[in-house]
Amino acid sequence: MNGIEQLPPWAAVFTAVLLLTGAAVTLVGSLGLLRLGTFYERVHAPTLGTTLGTVFIAAASMVYFSVLQSRPVLHEILIVGLGVVTTPIALTVLVGAARFRDTAEQSAPAREPENN
């Protein structure tokens, strides 16, 4: 047993709303990855969806386990903190590498075909 039968109805509804909101935001970010055209547009939507979705899902976990254990459970703050810090950094590194590649490809002299 996981103790869900001991969870008050208000906490179950609040946890479900937070969890579904987090899943929906993450899904919208994933759909942005499929829908948008260029690399620079595609990399932006999942980053926002992942960050905000993680916050909602971690908040749902905090509410659920805090109510069940009758004490504040704050372990998820570390998860959210790491996600909020590392996701934008990964976005910046990816976009910087892509921009460097695009700049290098544009500045390279065009090769002429060899005639034998």
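Just so you know, residue 1 is the first one in the sequence shown, and it goes up from there. The model shown is predicted, which means the values in this text are computed figures rather than measured ones.
- Cluster annotation: Phe56 is connected to Phe14 through the hydrophobic network of ILVMFWY side chains, with a link wherever side-chain heavy atoms come within less than 4.5 Å.
- Checked against side chain to side chain contact (heavy atoms under 4.5 Å, CB included), Ala59 has the following partners two or more places apart in sequence or in another chain: Leu18.
- Taking both residues in full, the closest heavy atoms of Ser61 and Glu76 are given as OG-OE2, 2.6 Å, listed atom of the first, atom of the second, then distance.
- Atom CG of Leu52 and atom OG1 of Thr26 lie 8.0 Å apart (nearest 0.5 Å).
- Under the 4.5 Å side-chain contact rule for hydrophobic residues, Val67 and Ile57 do not share a cluster.
- To the nearest 0.5 angstrom, Leu7 atom CG is 6.0 Å from Tyr64 atom OH.
- For Ala45 against Leu33, the heavy-atom pair with the smallest separation is CB-N, 4.4 Å.
- Leu36 and Arg42 get closest at one heavy-atom pair: O-NE, 2.9 Å.
- Val28 meets the side chain to side chain contact (heavy atoms under 4.5 Å, CB included) test with no other residue; sequence neighbours excluded.
- Every residue meeting the side chain to side chain contact (heavy atoms under 4.5 Å, CB included) condition with Val43, not counting sequence neighbours, appears here in chain and number order: Phe39, Leu91, Leu94, Val95.
- Contact detail for Val80 and Thr54: the closest heavy-atom pair is CG2-O, 4.2 Å.
- Under a 3.5 Å cut-off, the side chain of Ser66 and the backbone N or O of Val73 do form a donor-acceptor pair.
- Residue Thr15 holds its OG1 atom at 9.5 Å from CZ of Phe65, rounded to the nearest 0.5 Å.
- A donor-acceptor distance shorter than 3.5 angstrom exists from the side chain of Tyr40 to the backbone of Arg99, with no hydrogens or angles considered.
- Atom CG of Leu20 sits about 11.5 Å away from atom CG of Leu27, to the nearest 0.5 Å.
- Here the closest heavy-atom approach between residue Leu74 and residue Met62 is recorded as CD2-CE, 3.8 Å.
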